[in-house]
Amino acid sequence: MSERFKHLALSNTVRDMACHPAFAHFGTHLLPRPDYVNDNTPIQDIARLMPLHNHVQAVVVLHALNHMIDMCAVGAPLFQTFYEDHRRNTTGLFFFRGKPKAPFAVICPGGGFVYLGTLHEGFPLALQLQQNGYNAFVLQYRVGGEHAACQDLAIALSWIYQCADTLSISREGYSLWGGSAGARMAAIMGTAGPAVFGGRDMPRPASVITAYTGYRTSTPHDPPTFAVIGDRDHTVTIDVMKNRMQTLNKYGIDTEFLLCEQVGHGFGTGEGTPAAGWTDAAVRFWEKHILQCC
């Protein structure tokens, strides 16, 4: 393997990751915050940089990063921009290509609109969806507030929809995924649609997959929604998610609620914890509604 595409190790630092030659021109987009570019924290201790998340598995993060290096080695178009102005410096999409013409998912990592937990609940999830044959996009959005983040999601969705033929992905049956703050974005966008935030008119998602969010709003127009939370979550009240699913059911909207034992807030894919496998249940929920909408 050439030095350009050499795999990272747990002993490598955050700076090594951001400056890796395979990630030239977009290395800082991997980070929870761009100002971590010179951080000497080893990947083994990457959880330090994502304090609102729990159960961060460094080996899971490393596996996803090295898979991304391998994608770059074969010329895969890993990173895409969707703005033409200065906002492109802090936004973008990571593209994990699945089967040609397969539906796509957009993943919105959380972080309380203070940082992005992409390394923990973005890339590992995208890799799982890619391995299931689906096209997965991980959104890097502006931190600092919900409205700007939703604008970025709206423009990103519009860009994906416009470029679907070039990307060889289906425009039908897409899903929105998010954890915590990212789940809030996904839920809002699933109901309101991109046009409300400056994007284009487009079909609503086949499903919205929400993980550990305190988002309460529900309407008769919400898409089918999957919700997951841990029984040791001290950030989000379990009943908030459960009650929202019950309200959606009263509107005739299909939902699924999953409570994972022995895990707290921000568990990502749950690999290495009792929550492992929740993403399989979410994919099955999405697939059910792909068939119904297509």
Query raised in the report: So, do L119 and P32 sit near enough that their side-chain heavy atoms are less than 4.5 Å apart?
Result: yes
Query raised in the report: Given F5 and D70, is the side-chain contact (heavy atoms from CB on, under 4.5 Å) satisfied, shown in steps?
Result: CA-CA 7 Å; F5 302 112; D70 292 342; over 6 Å; no
**Report entry** Non-hydrogen atoms of T118 and P124 that approach each other most closely
**Finding:** O-CD, 4.0 Å
**Report entry** Nearest non-hydrogen partners of A156 and L139, listed with the distance
**Finding:** CB-CD1, 3.8 Å
**Report entry** Centroid separation F23 to H20 less than 6.0 Å
**Finding:** yes
Query - side-chain contact (heavy atoms from CB on, under 4.5 Å) assessment of L31 paired with M17 - result: CA-CA 9 Å; L31 306 175; M17 175 183 67; 3.4 Å; yes
Report task. Answer yes or no: is there a side-chain heavy-atom contact under 4.5 Å between L116 and R33? Result -> no
Query raised in the report: CG of N249 to OG1 of T225: how many Å apart, nearest 0.5 Å?
Result: 9.5 Å
Query raised in the report: Could you state the interatomic distance from CG (D45) to CG (D39), rounded to the nearest 0.5 Å?
Result: 10.5 Å
**Report entry** Short side-chain to backbone donor-acceptor contact, S158 and R200, under 3.5 Å
**Finding:** yes
Query raised in the report: Do I107 and L129 have side-chain heavy atoms sitting under 4.5 Å apart?
Result: yes
Report task. Kindly assign one of parallel, tilted or perpendicular to the pair H29 and F79, based on the angle between their ring planes and the thresholds 30° and 60°. Result -> tilted
Query raised in the report: Considering all heavy atoms of both residues, which atom of G117 and which atom of H53 are nearest to each other, and what is their separation?
Result: CA-CE1, 3.9 Å
Report task. Any chance you could lay out the side-chain contact (heavy atoms from CB on, under 4.5 Å) test for F137 and F104, step after step, and finish with the verdict? Result -> CA-CA 7 Å; F137 295 87; F104 70 89; 3.9 Å; yes
Query raised in the report: Pick from Y141, F113, F197: which one makes a ring-ring contact (aromatic ring centres under 6.0 Å, His included) with H147?
Result: F197
Query raised in the report: Between W286 and W177, what is the ring plane arrangement, given parallel below 30°, perpendicular above 60°, and tilted in between?
Result: perpendicular
Query raised in the report: Is the F267 to Y212 ring centre distance short of 6.0 Å?
Result: yes
Query raised in the report: Heavy-atom distance under 4.5 Å between the side chains of N66 and I69, does that happen here?
Result: yes
**Report entry** Considering all heavy atoms, the nearest I253-P223 contact
**Finding:** CG2-O, 3.4 Å
Query raised in the report: In Å, rounded to the nearest 0.5 Å, how long is the span from NZ of K250 to OG of S218?
Result: 9.5 Å
Query raised in the report: Do the side chains of F96 and L125 join up, straight or via other hydrophobic residues, at under 4.5 Å, putting them in one cluster?
Result: yes
Query raised in the report: Hey, quick one: are V240 and V263 part of the same hydrophobic cluster, counting side-chain heavy atoms closer than 4.5 Å, chains of contacts allowed?
Result: no
Query raised in the report: Taking 4.0 angstrom as the limit, do D222 and R244 come out as a salt bridge?
Result: yes
**Report entry** Check: Y83 ring centre within less than 6.0 Å of W159 ring centre
**Finding:** no
Query raised in the report: Of all heavy-atom pairs between M185 and C108, which one has the smallest distance, and what is that distance?
Result: CE-SG, 4.1 Å
Query raised in the report: Given the rule that I, L, V, M, F, W and Y join up when any side-chain heavy atoms are under 4.5 Å apart, are L167 and M68 in one cluster?
Result: no
Query - T219 side-chain N/O to H221 backbone N/O, donor-acceptor pair under 3.5 Å - result: yes
Query raised in the report: Do the numbers put R184 on top of the ring of Y215, so that NZ or CZ is under 6.0 Å from the six-membered ring centre and no more than 45° off the axis?
Result: no
Query raised in the report: At what distance, to the nearest 0.5 angstrom, does OG of S168 lie from CG of N135?
Result: 7.5 Å
Query raised in the report: Under a single-linkage definition using a 4.5 Å side-chain heavy-atom cutoff for Ile, Leu, Val, Met, Phe, Trp and Tyr, are V14 and V60 assigned to the same hydrophobic cluster?
Result: yes
Query raised in the report: Taking C-beta and beyond as the side chain, do M189 and C150 meet within less than 4.5 Å on heavy atoms?
Result: yes
Query - Any donor-acceptor N/O pair, T237 side chain to D239 backbone, under 3.5 Å - result: no
Query raised in the report: If you take all heavy atoms of G133 and A102, which pair is closest and at what distance?
Result: O-CB, 3.4 Å
Report task. Using only heavy-atom distances, determine whether the side chains of H265 and N54 contain a donor-acceptor pair under 3.5 Å. Result -> no
Report task. May I ask you to decide if L157's main-chain N or O and Y174's side chain share a donor-acceptor pair within less than 3.5 Å? Result -> no
Report task. State whether the side chain of T13 and the backbone N or O of D16 hold a donor-acceptor pair below 3.5 Å, judged by distance alone. Result -> yes
Query raised in the report: In terms of side-chain geometry, is the basic nitrogen of R142 or D152 positioned less than 4.0 Å from the acidic oxygen of its partner?
Result: yes
Report task. Answer yes or no: is there a side-chain heavy-atom contact under 4.5 Å between F257 and T255? Result -> no
Query raised in the report: Are the side chains of F95 and I169 in touch, meaning some heavy atoms are under 4.5 Å apart?
Result: yes
**Report entry** Approximate separation, where rounding is to 0.5 Å, of Y134 OH and K99 NZ
**Finding:** 8.5 Å
Requested in this report: Look at the side chain of T210 and the backbone N and O of F226, then say whether any donor-acceptor pair between them is shorter than 3.5 Å.
Outcome: yes
**Report entry** Hydrophobic cluster membership, I160 vs V138, 4.5 Å side-chain cutoff
**Finding:** no
Query raised in the report: Under 3.5 Å, side chain of Y36 to main-chain N/O of T28, donor-acceptor pair present?
Result: no
**Report entry** Backbone of G110 reached by a side-chain donor or acceptor of E121 within 3.5 Å
**Finding:** yes
**Report entry** Close side-chain approach of Y115 and L49, heavy atoms under 4.5 Å
**Finding:** no
Report summary line: So CZ of R171 and CD of Q162: to nearest 0.5 Å the spacing works out to 9.0 Å
Requested in this report: Show your reasoning for whether side-chain contact (heavy atoms from CB on, under 4.5 Å) applies to D254 and K288.
Outcome: CA-CA 10 Å; D254 189 31; K288 176 174 64 172; 2.8 Å; yes
Requested in this report: Could you check Q128, Q57, H63, H55 and say which one makes a side chain to side chain donor-acceptor pair (under 3.5 Å) with E271?
Outcome: Q128
